[in-house]
Amino acid sequence: DKDGDQMSKNPVDAGVYKLKITVSEKDPVYTGKATVKYIIEPRPLEWDTANLIATKPSDGTVAAPKVRGDLKLTGVVDGDDAKFSYDSIKAADFPSADVERTMLQLTVENAQLKGDDADNYTMPKQSPEIEAYIRKAHITEITFPGDDNKYRAVVEEAVYANDVLGD
């Protein structure tokens, strides 16, 4: 094993191991001993952004949209104790203020993998990306009769449930 002790079964954890091979003296051709070093590399994980949404109504700015949902990692072997956690996710600003769909890079604050088997895995090297969009704002102005029409309301139509429920 990693500490140099004899193992009774094949290793499953990432690390560097030595395999000592001894060929019996009964074999006249291959008699002898050899030590082979072999490495089990940590398994790379991948981002799963399927449960994320990043959208905002058109407001004339390139300001980043809020990101809602859960970011996940895929690739952990069933039964392994490796839990992914993070504090927050932020999207990059849009490249333009136009109504559009585009891929935005995400910044994941304090991303970490914990658990007994966490050392068997590596986090993705690239930041996750998400398809984000600026949606067209449908504005309706309503004026109320009065002395000088000083009361008016502006209503945004087609408000998305994710935008309302996220705040």
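The residues of the chain are indexed from 1 along the displayed sequence. Keep in mind that the numbers below use all heavy atoms, side chains included, and drop hydrogens, waters and symmetry copies.
At a threshold of 4.5 Å between non-hydrogen side-chain atoms, the residues T49 and E129 do not count as touching. Side-chain contact between F84 and L71: present, with at least one pair of heavy atoms (C-beta onward) separated by less than 4.5 Å. Side-chain atoms of V67 and S88, non-hydrogen and from C-beta on, never get closer than 4.5 Å to each other. Inter-residue side-chain proximity for V99 and R135 is flagged as unmet; no heavy-atom pair is nearer than 4.5 Å.
Judged by distance alone, with hydrogens and angles left aside, the side-chain atoms of N120 form no donor-acceptor pair with the main-chain N or O of D13 at under 3.5 Å. No donor-acceptor distance shorter than 3.5 angstrom exists from the side chain of W47 to the backbone of M123, with no hydrogens or angles considered. Without hydrogens or angle criteria, K66 side chain to I53 main chain gives no donor-acceptor distance under 3.5 Å. Formation of a donor-acceptor pair under 3.5 Å by the D80 side chain with backbone atoms of A82 is not found in this model. For the pair Y121 (side chain) and V77 (backbone), a donor-acceptor distance under 3.5 Å is present. For the pair T55 (side chain) and Y133 (backbone), a donor-acceptor distance under 3.5 Å is present. In this structure, D117 contributes its side chain and D81 its backbone to a donor-acceptor pair below 3.5 Å.
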Please table the atom pairs, donor to acceptor, closer than 3.5 Å between any side-chain atom in residues 100-109 and protein atoms at least two apart or in another chain.
{"residue": "E100", "atom": "OE2", "partner": "S96", "partner atom": "OG", "Å": "3.3"}
{"residue": "Q105", "atom": "NE2", "partner": "S127", "partner atom": "OG", "Å": "3.4"}

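The nearest pair of heavy atoms linking A92 to P65 is O-CD, 4.0 Å. Of all the heavy atoms in K56 and T61, the pair that sits closest is NZ-OG1, 3.0 Å.
Within the model, atoms CG of D59 and CD1 of I134 stand 7.0 Å from one another, a figure rounded to the nearest 0.5 Å. Put simply, CG on L113 and CG on L45 are 6.0 Å apart, with the number rounded to the nearest 0.5 Å. The OH atom of Y86 sits 12.5 Å away from atom CG of N110, with the distance rounded to the nearest 0.5 Å.
Within a 6.0 Å sphere centred on CD of E131, heavy atoms belonging to other residues, nucleotides or ligands number more than 12.
In terms of the side-chain contact (heavy atoms from CB on, under 4.5 Å) criterion, residue partners of Q112 (sequence neighbours excluded) are, by chain and number, S85, K114.
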* Asked: side chain to side chain contact (heavy atoms under 4.5 Å, CB included) between R43 and T122: does it pass, once the steps are laid out?
  -> CA-CA 6 Å; R43 182 182 178 125; T122 58; over 6 Å; no
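Note: the hydrophobic cluster containing F94 does not contain I89 (ILVMFWY, side chain heavy atoms under 4.5 Å, direct or indirect links).
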